[in-house]
S.K.: 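The structure is given below, and queries will be raised subsequently.
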There are 2 protein chains.
Amino acid sequence: MTVQTPVRPDPDSLAPEALVEHLARDGRAAQRVLARLADEEKAAALKAAAEALRAAEAEILAANAQDMAAGEEKGLSAALLDRLRLDAGRLASIAAAVDQVATLPDPVGEVISRAERPNGLRLSRVRIPIGLIGIIYESRPNVTADAAALCLRSGNAVLLRGGSEALHSNRAIRAAFARGLESVGVPAAAIQLVPTQDRAVVGAMLSAAGLIDMIVPRGGKSLVARVQADARVPVLAHLDGICHTYVHAAADGDMARRLTLNAKMRRTGICGAMETLLLDTQFPESASVVAGLLDAGCELRGDARARALDPRILAASAEDWDTEYLDSVLSVAVVDGLDAALEHIAAHSSHHTDAIVTEDAAAAERFLAEVDSAIVMVNASSQFADGGEFGLGAEIGIATGRLHARGPVALEGLTTYKWLVRGSGQARP
Amino acid sequence: MTVQTPVRPDPDSLAPEALVEHLARDGRAAQRVLARLADEEKAAALKAAAEALRAAEAEILAANAQDMAAGEEKGLSAALLDRLRLDAGRLASIAAAVDQVATLPDPVGEVISRAERPNGLRLSRVRIPIGLIGIIYESRPNVTADAAALCLRSGNAVLLRGGSEALHSNRAIRAAFARGLESVGVPAAAIQLVPTQDRAVVGAMLSAAGLIDMIVPRGGKSLVARVQADARVPVLAHLDGICHTYVHAAADGDMARRLTLNAKMRRTGICGAMETLLLDTQFPESASVVAGLLDAGCELRGDARARALDPRILAASAEDWDTEYLDSVLSVAVVDGLDAALEHIAAHSSHHTDAIVTEDAAAAERFLAEVDSAIVMVNASSQFADGGEFGLGAEIGIATGRLHARGPVALEGLTTYKWLVRGSGQARP
């Protein structure tokens, strides 16, 4: 069967703004179709997309080999090449993740609140998709499928702009995903990939208020900072994860040792990793807590009182209290009680995740109430800051802004609502 | 008793950015106190503020007389002068509105969701205040007290920037309100008024990301457009209220006449007023619906088929379908059924409020599902688009954006949430 492609403008001939407008109009038209699909239809479309990804294994791995060869020639670091690399196992995981998103409950249509007014008007607030979501990301090709799956599950169209290193991989993944959607009658424009690597297109996406409804940056700090600084479109993101763990006077010593070690050293490169340890001056086992971290290979940078605990602790500079190391490095301060800990956190937290270790319920509740971060924890490792660990199934990202959605953002965060008013002829007096 | 005022920088000597930073830091410090107040304490503070407004009647009316005299000298229009004018009755209403907000339920602390994970972690999402809200408004002095009351009820501090015509009135109202707060131990900086009329301060507020958490513009279209175009801080607003009423083939004729007349003519200057009437070609009583509007003094501008209904209907231009008249003017189109009505609304609605009149339940449900506006109504006047009418008590504004809050925004829209995680020593595997 020959598929006739309608005559369309050549994307390379369009200026960045015109290209984004063109893609956004196609995406918005597709989204109006998505918005009307039932739960089962969206689930079936995702299952078809997962199947199409598996069927396109040869094509996707060949495209990835092209990216890998170009990346090696360009001298990309081993870490970057590893992120870029696909193999049969990794592709199977990507397809399985799409299948998994299909099983998550559909948030669209949920009635958030209902009321009946004295005049008989019946009001309800109902969840609906946001619309067209822009995803701007670096060289991980799995984001192409992951982000598309979450957007589609919640009835949103997606406009993807991935890193140039992964262009061929992303195109092949997008093409397979779209074929899967089309096989069950869902428009391919529900998932679009920016077809050029012109960096001006990112600027045009960030300025496309009214065309793109929300942008989610996925990548390192410089990418997020640029998106946050330049966007006229609402952005869901976190810039830093400067996460604190405060070991209170009444902490259990063994728990403090286990949780600080896990919060810092389980994986040092994730945003929920502890970056500053606050030790209460009244906590009697501080020396063994810092020794545990030092013995595990962590570099500690402390204030004067922390350094007195162990000669291996280096001197912290003022910047250390505002640094996200994402490495085996930790800043450590000794604080005079809960108020001082709260003060330090208010001054230095990036409002991502902060935790207290304590057996004192009153101190725990004050910490939960007064720390103004997206996630506040008692007696748990800050590395639990994750949509999967929170039972949300998968996350599009973690947000530290104050509006719309905070903390791990999953399907519900990809929805908004409208008010429905059912009357029987009421005119307003 | 003499109150010692601490030495503070003279606001007139600060550059706009420095002034906004200075005010925002004071406001944020006050907000940390507000965030810890119990429901009853916030209610008591508002009652004290209302009482202080009543006690300051002479002072406020004298300040208002100054503004009125200056406004008359400047040649302000009668409508503007009427908005600016206070008298004993209007001031009593302002104070009563503050008392009323005190009786509204406090949204802060509400548990939005709870879950327990298989590993024993107990999660909850709890409503918290947003932080510091900026209000940029025109010459209605009542906004000073109304907006402050809603922000304080929900634990937010407020930074007010009112129109220059109302400067003395706003200062007097703010001073009385703050005295009320201080009388019960709440910091006066919870409600601050920008002390200069330098227009560059508005620009500095709009750029103050991280210092001001959300901005609500209250005023005409040019104010809202400027705020939306320039803000780096999230904005809650609506630019236009291009509200449609679609009279379906199966509408009740009498209801259609009553609702269209009410939706257009009850008050023509509010954002929920109907601006476009869509008449189904199969609806048999269209002529009497348009006659009712014409007889009530409304100017009608129609397409060719609408003009055939009544010779008094003028010809609509292309711009009429995208115009918010806020006057006794209405555009009218005849459409070929529900799909054509949905198409017209998708192309021209400002996503504020759109309504259908019909006795056909299936058509009503399709309209509710497919119209993508903040408020969608069946068999009711679009003039019900109002926080008070929705039972929300009072509104800070109506939002047509897609994120955070849509439609009438009241106390809940002035809150966000955080995740609380209660563990018993869980480390992440």
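So that the names make sense, note that chain A is the first sequence line, chain B the second, and so on, each numbered from 1.
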S.K.: Ignoring hydrogens, what is the shortest heavy-atom contact between B/D354 and B/F367? Give both atom names and the distance.
M.R.: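 Shortest heavy-atom contact: O-CE2, 3.8 Å.
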
S.K.: Taking every heavy-atom pair that is under 4.5 Å apart, which of B/G423, B/S382, B/G210, B/G425 has the most such pairs with chain A?
M.R.: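 Most heavy-atom pairs within the cutoff with chain A belong to B/G425.
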
S.K.: Using a 4.5 Å cut-off on heavy atoms from C-beta on, say whether the side chain of B/L414 contacts that of B/M214.
M.R.: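 Yes, close enough: below the 4.5 Å cut-off.
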
S.K.: Considering only heavy atoms, which portion of B/A355 lies under 4.5 Å from any heavy atom of chain A: side chain, backbone, both, or neither?
M.R.: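 It is neither, since no heavy atom gets under 4.5 Å.
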
S.K.: Let me know if B/A369 has heavy atoms under 4.5 Å from chain A in its side chain, its backbone, both or neither.
M.R.: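 The backbone, not the side chain.
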
S.K.: With heavy-atom distances below 4.5 Å as the criterion, would you say the side chains of A/V409 and A/E395 are in contact?
M.R.: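 No - every pair of side-chain heavy atoms lies 4.5 Å or more apart.
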
S.K.: Rounded to the nearest 0.5 Å, how far does OG1 of B/T245 lie from CD of B/Q383?
M.R.: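 Output value for this atom pair is 9.5 Å.
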
S.K.: At a heavy-atom separation under 4.5 Å, does B/R232 approach chain A through its side chain, its backbone, both, or neither?
M.R.: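 For B/R232, the side chain is the part near chain A, not the backbone.
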
S.K.: Report yes if some heavy atom in the side chain of B/S381 is under 4.5 Å from a heavy atom in the side chain of A/Q426; otherwise report no.
M.R.: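 A side-chain contact under 4.5 Å is absent here.
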
S.K.: Is it the backbone or the side chain of B/A229 that comes under 4.5 Å from a heavy atom of chain A, or both, or neither?
M.R.: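 Backbone only.
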
S.K.: With a 4.5 angstrom heavy-atom cut-off, which part of B/L403 approaches chain A: side chain, backbone, both or neither?
M.R.: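 For B/L403, heavy atoms of backbone and side chain both lie under 4.5 Å from chain A.
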
S.K.: Can you tell if the side chain of B/H248 reaches within under 4.5 Å of the side chain of B/E359, non-hydrogen atoms only?
M.R.: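 A side-chain contact is absent here, since even the closest heavy-atom pair is not under 4.5 Å.
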
S.K.: Should B/V111 and B/R114 count as side-chain neighbours, where that means a heavy-atom distance under 4.5 Å?
M.R.: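 They are in side-chain contact.
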
S.K.: So for B/V357, is it side chain, backbone, both, or neither that comes closer than 4.5 Å to the heavy atoms of chain A?
M.R.: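 The answer is neither part of B/V357.
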
S.K.: Chain A heavy atoms under 4.5 Å from B/S373: which part of the residue, side chain, backbone, both or neither?
M.R.: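 Backbone of B/S373 only, per the 4.5 Å heavy-atom cut-off to chain A.
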
S.K.: According to side chain to side chain donor-acceptor pair (under 3.5 Å), who are the partners of A/E370, at least two apart in sequence or on a separate chain?
M.R.: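 Once residues adjacent in sequence are excluded, the partners of A/E370 under the side chain to side chain donor-acceptor pair (under 3.5 Å) criterion are A/R366, B/R36.
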
S.K.: Can you tell which part of B/D254 gets under 4.5 Å to a heavy atom of chain A, answering side chain, backbone, both or neither?
M.R.: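 Neither part.
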
S.K.: Might you confirm whether atom CZ of A/R266 has over 12 heavy atoms from other residues, nucleotides or ligands at distances under 6.0 Å?
M.R.: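 Count over threshold, so yes.
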
S.K.: Between B/L123 and B/E116, is there a side-chain heavy-atom distance shorter than 4.5 Å?
M.R.: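 Side chain of B/E116 against side chain of B/L123, heavy atoms only: no contact under 4.5 Å found.
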
S.K.: B/N379 versus chain A, heavy atoms under 4.5 Å apart: side chain, backbone, both or neither?
M.R.: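 Both backbone and side chain of B/N379 come within 4.5 Å of chain A.
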
S.K.: Side chain, backbone, both or neither: which part of B/R125 has a non-hydrogen atom closer than 4.5 Å to chain A?
M.R.: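 It is the side chain, since no backbone atom gets that close.
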
S.K.: With a 4.0 Å cut-off on N to O distance, would you call A/D372 and B/R32 a salt bridge?
M.R.: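 Looking at A/D372 and B/R32, the cut-off is not met.
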
S.K.: Using the ring of A/Y417 (Phe, Tyr or Trp, six-membered ring only), decide whether A/R127 places NZ or CZ under 6.0 Å from its centre and within 45 degrees of its axis.
M.R.: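 Not flagged: A/R127 not positioned over aromatic ring of A/Y417.
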
S.K.: Counting only non-hydrogen atoms closer than 4.5 Å, does B/A35 touch chain A with its backbone (N, CA, C, O), its side chain (CB onward), both, or neither?
M.R.: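 B/A35 has no heavy atom closer than 4.5 Å to chain A.
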
S.K.: Under a 4.5 Å heavy-atom cut-off, does chain B meet the side chain of A/A374, its backbone, both or neither?
M.R.: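 Only the backbone of A/A374 comes within 4.5 Å of chain B.
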
S.K.: Answer with side chain, backbone, both or neither: which region of B/E412 has an atom nearer than 4.5 Å to a non-hydrogen atom of chain A?
M.R.: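 Looking at B/E412, just its side chain touches chain A.
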
S.K.: Using a cut-off of under 4.5 Å on heavy-atom pairs, state which of A/L236, A/D386, A/I130 scores highest against chain B.
M.R.: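 The option with the most such pairs is A/I130.
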
S.K.: Heavy-atom cut-off 4.5 Å, strictly under: side chain, backbone, both or neither for A/I128 against chain B?
M.R.: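 Answer is side chain: those atoms of A/I128 sit under 4.5 Å from chain B.
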
S.K.: Would you say the side chain of A/P129 lies within less than 4.5 Å of the side chain of A/T415, judging by non-hydrogen atoms?
M.R.: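 They are not in side-chain contact.
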
S.K.: Quick one: what part of A/D252 sits under 4.5 Å from any heavy atom of chain B, side chain, backbone, both or neither?
M.R.: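 For A/D252, there is no contact with chain B at all, as no heavy atom is under 4.5 Å.
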
S.K.: Which region of A/I375, side chain (C-beta onward) or backbone (N, CA, C, O), has a non-hydrogen atom less than 4.5 Å from a non-hydrogen atom of chain B, or is it both or neither?
M.R.: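 Both parts, backbone and side chain.
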
S.K.: Find out whether B/S124 and B/R422 are in side-chain contact, i.e. whether some heavy atom of one side chain is under 4.5 Å from a heavy atom of the other.
M.R.: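 Heavy-atom side-chain distance check passes, below 4.5 Å.
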
S.K.: Which atoms of B/P118 come close to chain A, meaning under 4.5 Å heavy atom to heavy atom: side chain ones, backbone ones, both, or neither?
M.R.: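 Neither part; nothing is under 4.5 Å.
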
S.K.: With a 4.5 angstrom heavy-atom cut-off, is it the side chain or the backbone of B/L121 that approaches chain A, or both, or neither?
M.R.: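 Only the side chain of B/L121 comes within 4.5 Å of chain A.
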
S.K.: Looking at chain A, which one of B/A385, B/A115, B/S424 has the largest number of heavy-atom pairs inside 4.5 Å, strictly under?
M.R.: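 Among the listed options, the one with the most contacts to chain A is B/S424.
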
S.K.: Look at A/R258, A/E389, A/H351 and state which one has the largest set of heavy-atom pairs under 4.5 Å with chain B.
M.R.: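 Heavy-atom pair counts peak at A/E389.
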
S.K.: Out of A/G401, A/A209, A/P429, return the one with the most heavy atom pairs under 4.5 angstrom to chain B.
M.R.: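 Among the listed options, the one with the most contacts to chain B is A/P429.
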
